[in-house]
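Have a look at the structure below before the remarks.
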Amino acid sequence: MNKSEMFWQTYLNLEKELLELSKYIYITDEKSVYSKGALVQEKCTTQIETFSPYIADLIVRTCVEIEAISKELYFDLGGTKTRGDKDLFFDEDCLKLLDIKCRSSQKIVRVSCPSFNLTDENNNTLRPLKNAHKRQGTEWERAYQAVKHDRYSSVSYGTIKNFIRALGALFLLNVYYRNERMY
């Protein structure tokens, strides 16, 4: 198995875990309620803000893959630091170079799954690499750092919303790494 296939298979396994999670937690950002005798839709954040140690672990696993694949992209794009350099950071170095060369912060991921009900544009149309080149510049990276360094008191950062956004970032990085067109 080549490197790009290894990264892709890992992404697919994490995506499968999100789909499995959706069997037990309805992933939605709205709810139906009766109001004045009629069924109406209201915004609902409780479902996508659901958190658990399991989801926190999924975020950590996803972000470890983001770190690994972003470093591979860095070297492929001509990054000047060497492998193993303790001063090579996946966000400030690797994702920054990717953004300079490919405008990755502008790329959009559309969340599309028959078992999800995400109607809010902020939840179904994502730019998961926007500001990812800055230290903890994204919500998913802040969640990753929080649960990685203090899992017990930061487990509330392990939300479905953060997992979906991190998975969106990993998807984009895989597309870049596999040299697939994004137009």
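- Sorted by first then second residue, the side-chain hydrogen bond (donor to acceptor under 3.5 Å, both in side chains) pairs that include residues 43-52, not counting sequence neighbours, are Lys43-Asp120.
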Which side-chain N or O atoms in residues 11-20 pair as donor and acceptor under 3.5 Å with protein atoms at least two apart or in another chain?
| unit_1 | atom_1 | unit_2 | atom_2 | d |
| --- | --- | --- | --- | --- |
| Tyr11 | OH | Glu15 | OE2 | 2.7 |
| Asn13 | ND2 | Gln9 | O | 3.3 |
| Glu17 | OE1 | Tyr54 | OH | 2.6 |
| Glu17 | OE1 | Arg61 | NH1 | 3.4 |
| Glu17 | OE2 | Arg61 | NH1 | 3.1 |
| Glu17 | OE2 | Arg61 | NH2 | 2.6 |
| Glu20 | OE1 | Lys23 | NZ | 3.0 |
| Glu20 | OE2 | Tyr24 | OH | 3.4 |

> Are Val64 and Tyr144 close enough, and set up right, to give a side-chain contact (heavy atoms from CB on, under 4.5 Å), and what steps lead you there?
Replying inline: CA-CA 9 Å; Val64 165; Tyr144 167 52; 3.9 Å; yes
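- Within a 6.0 Å radius of NZ in Lys130, no more than 12 heavy atoms belonging to other residues, nucleotides or ligands are found.
- Atoms CG and CG, from Leu118 and Leu126 in turn, are 8.5 Å apart once rounded to the nearest 0.5 Å.
- A donor-acceptor distance shorter than 3.5 angstrom exists from the side chain of Asp93 to the backbone of Phe89, with no hydrogens or angles considered.
- Of the possible polar contacts, none joining the Thr62 side chain to the Ala166 backbone as a donor-acceptor pair under 3.5 Å is found.
- Pairing each heavy atom of Leu98 with each of Leu73, the nearest pair is CD2-CD1, 4.2 Å.
- Around the CZ atom of Arg135, the shell of radius 6.0 Å holds more than 12 heavy atoms that belong to other residues, nucleotides or ligands.
- Between Glu141 and Arg165 no salt bridge is recorded (no basic side-chain N to carboxylate O distance below 4.0 Å).
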>> Determine whether Thr125 and Arg110 satisfy the following criterion, side chain to side chain donor-acceptor pair (under 3.5 Å), listing intermediate values before the conclusion.
In response: CA-CA 5 Å; Thr125 304; Arg110 179 91 171 148; 2.8 Å; yes
> Please walk me through it: do Ile160 and Phe51 pass side-chain contact (heavy atoms from CB on, under 4.5 Å)?
Replying inline: CA-CA 7 Å; Ile160 292 171; Phe51 65 89; over 6 Å; no
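- For the residue pair Tyr176 and Glu72, no side-chain donor N or O sits within less than 3.5 Å of a side-chain acceptor on the partner.
- Without hydrogens or angle criteria, Asp99 side chain to Ser105 main chain gives a donor-acceptor distance under 3.5 Å.
- Crowding of Tyr74 atom OH: a count of heavy atoms from other residues, nucleotides or ligands under 6.0 Å exceeding 12.
- Evaluation of the ring pair (Phe, Tyr, Trp, His ring centres under 6.0 Å) rule for Phe90 yields no partner, not counting sequence neighbours.
- The pair Lys134-Glu92 fails the salt-bridge criterion, with no side-chain N (NZ, NE, NH1 or NH2) lying under 4.0 Å from an Asp/Glu carboxylate O.
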